[in-house]
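The chain is numbered in sequence order, starting from 1. Worth saying up front: this structure is predicted, and the values here are computed from it rather than measured.
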Amino acid sequence: MLSHSELKMELRMNSFIILICLLNHLVACEPQCSKFDYEEKTLAKMIRTEILVEQVMSDIKQLKQQTNDAVTSMEKLKTELRESIQSMHAENALKFEEYNNTIMKWKDRIEIKPDVVYLAKDPTTQSPSHGSAIIFGTTMYDESQSYDNSSGTFTAPVAGVYAFTAQMCLNPGSYTFIYYEIVANGKKVSNSLTYDKDTNFCNTAQSFVALDNGQTVHVSALSTSAVPLRQNHVYEWCTFSGILIR
Ligand SMILES: *[C@@H]1O[C@H](CO)[C@@H](O)[C@H](O)[C@H]1NC(C)=O
Ligand SMILES: *[C@@H]1O[C@H](CO)[C@@H](O)[C@H](O)[C@H]1NC(C)=O
């Protein structure tokens, strides 16, 4: 229980605190609470906002311009790129055509050709008749299977330049001879006469010929003595050979 004096003291104390608070509130509020001050602050705030909005608008405008510029320069770059790619294409097409033309021009020369080389020997008769083909019946080798040992005919498997050789060896006897020719594509391309009175004797005829694919070559007897040719001899071979040079 508070005494009377203590109660009085307490009341006085509370009143003092309230007074302090009131004074304090008045002092703190006074400059801010006037209508003029409020309007002034609002106005300032509005002006600041307006400046800020202008700044933002200007920034946006600048940004828009920069974006437009970037888009324009990208479009320009795209056009330049497309043009340069197109001109590269055109240039390449031109180069390709040039190379293709060169390749086409050289195609026949760079074509990989088969190995054409053959050798046949042993005439099927010692006495070939005048104007007939001398048939060499034994095929020693024939890479491209182009020589026919039953007709004595070589058939060119590809177009090209060929070399041909025919060798005739005489049967020894009195005055044997053979006059013969190499015939390519129906025309004489080489000829020779072998003649001897008493010894074994050989000679050759040679020719270089350009042939088309399918053209033929054979050896033909033009004129002979009786039994002029040596047959199946160990030391002397009557032969017919050919090779594709290129
Ligand atoms: C190359 O040239 C030949 C002959 O001119 C032509 O026929 C051919 O079509 C060409 N090839 C290409 C791939 O252009
Ligand atoms: C004749 O030619 C054929 C075909 O090329 C071959 O099979 C045969 O062995 C040849 N004959 C002789 C005797 O060389």
Side-chain angles (χ1 to χ4, degrees), residues 96-171 176-195 201-225 227-234 236-246:
F96 177 81
E97 202 182 320
E98 212 172 281
Y99 288 142
N100 183 37
N101 286 343
T102 309
I103 287 168
M104 286 292 147
K105 215 158 79 186
W106 288 88
K107 191 171 160 263
D108 279 347
R109 285 164 189 255
I110 60 176
E111 201 174 49
I112 294 167
K113 295 188 174 183
D115 286 335
V116 183
V117 57
Y118 71 93
L119 170 66
K121 68 181 189 71
D122 303 338
T124 52
T125 174
Q126 284 188 294
S127 308
S129 58
H130 298 184
S132 70
I134 300 170
I135 299 163
F136 301 82
T138 304
T139 305
M140 303 293 286
Y141 48 80
D142 182 9
E143 289 292 322
S144 57
Q145 304 284 298
S146 307
Y147 176 73
D148 180 352
N149 58 21
S150 64
S151 66
T153 305
F154 166 80
T155 304
V158 289
V161 176
Y162 290 82
F164 297 97
T165 302
Q167 172 164 283
M168 298 299 151
C169 299
L170 290 175
N171 221 2
T176 52
F177 74 90
I178 180 163
Y179 172 40
Y180 63 99
E181 63 182 356
I182 296 175
V183 182
N185 192 28
K187 280 188 194 140
K188 181 194 294 203
V189 290
S190 182
N191 60 356
S192 188
L193 173 65
T194 311
Y195 164 84
F201 189 75
C202 297
N203 89 339
T204 60
Q206 290 179 331
S207 193
F208 302 103
V209 197
L211 294 175
D212 278 339
N213 180 10
Q215 288 186 331
T216 60
V217 180
H218 69 275
V219 182
S220 183
L222 289 173
S223 175
T224 66
S225 64
V227 283
L229 291 181
R230 216 152 167 64
Q231 240 184 336
N232 307 333
H233 196 267
V234 180
E236 297 154 327
W237 285 1
C238 293
T239 61
F240 176 36
S241 60
I243 186 167
L244 170 65
I245 297 170
R246 65 168 180 81

>> Applying salt bridge (charged side-chain N to carboxylate O under 4.0 Å, His left out) as the test, list every pair that has at least one member in residues 177-193; sequence neighbours left out.
In response: Glu181-Lys188
>> Tell me every residue that passes side chain to side chain contact (heavy atoms under 4.5 Å, CB included) with Asp148, counting only those two or more places apart in sequence or in another chain.
In response: Ser150, Ser151
> Shortest non-hydrogen contact from Gln126 to Pro228?
Replying inline: O-CD, 3.0 Å
> Residues two or more places apart in sequence or in another chain: which of them pass salt bridge (charged side-chain N to carboxylate O under 4.0 Å, His left out) with Glu236?
Replying inline: Arg230
> When rounded to the nearest 0.5 angstrom, what distance separates OG1 in Thr124 from CD1 in Ile134?
Replying inline: 9.5 Å
> Out of curiosity, Thr102 OG1 to Glu97 CD, how far, rounded to the nearest 0.5 Å?
Replying inline: 10.5 Å
>> Using modelled atom types and a 3.5 Å cut-off, is there a donor and acceptor pairing between side-chain atoms of Ser190 and backbone atoms of Ser207?
In response: no
Run the side-chain donor-acceptor check on residues 237-246: report pairs under 3.5 Å with partners two or more places apart or on a different chain.
| residue | atom | partner | partner atom | Å |
| --- | --- | --- | --- | --- |
| Trp237 | NE1 | His233 | O | 3.2 |

> Is the shortest heavy-atom distance from the side chain of Ile178 to the side chain of Leu170 under 4.5 Å?
Replying inline: yes
>> Can you give me the closest heavy-atom contact between Ala184 and Leu211, atom names plus distance?
In response: CB-CD2, 4.3 Å
>> Suppose we screen for side chain to side chain contact (heavy atoms under 4.5 Å, CB included). Which residues come up paired with Ser192, at least two apart in sequence or across chains?
In response: Tyr180, Asn203, Ala205
> What are the two closest non-hydrogen atoms of Ala156 and Asn213, and how far apart are they?
Replying inline: O-OD1, 3.3 Å
>> Restricting to non-hydrogen atoms, name the atom on Met168 and the atom on Leu229 that form the minimum distance, rounded to 0.1 Å.
In response: SD-CD2, 3.8 Å
> Which pairs count as side-chain hydrogen bond (donor to acceptor under 3.5 Å, both in side chains) when at least one residue sits in residues 156-168, sequence neighbours excluded?
Replying inline: none
> Sequence neighbours excluded, which residues qualify as side-chain hydrogen bond (donor to acceptor under 3.5 Å, both in side chains) partners of Asn149?
Replying inline: Thr139
> Mind checking what makes side-chain hydrogen bond (donor to acceptor under 3.5 Å, both in side chains) contact with Thr125, not counting sequence neighbours?
Replying inline: none
Show every donor-acceptor pair shorter than 3.5 Å between a side-chain atom in residues 215-225 and any protein atom, with sequence neighbours excluded, or say none if there are none.
| residue | atom | partner | partner atom | Å |
| --- | --- | --- | --- | --- |
| Gln215 | OE1 | Asp212 | N | 2.9 |
| Gln215 | NE2 | Asn185 | OD1 | 3.3 |
| Ser220 | OG | Ser132 | O | 3.3 |
| Thr224 | OG1 | His130 | NE2 | 3.4 |
| Ser225 | OG | Phe177 | N | 2.9 |
| Ser225 | OG | Phe177 | O | 3.3 |

> Under the side-chain hydrogen bond (donor to acceptor under 3.5 Å, both in side chains) test, which residues partner Asp122, sequence neighbours left out?
Replying inline: Thr138
>> Can you list everything that forms a side-chain hydrogen bond (donor to acceptor under 3.5 Å, both in side chains) with Tyr147? Sequence neighbours excluded, please.
In response: none
> Does any N or O in the side chain of Ser146 come within less than 3.5 Å of the main-chain N or O of Asp142, such that one atom is a donor and the other an acceptor?
Replying inline: no
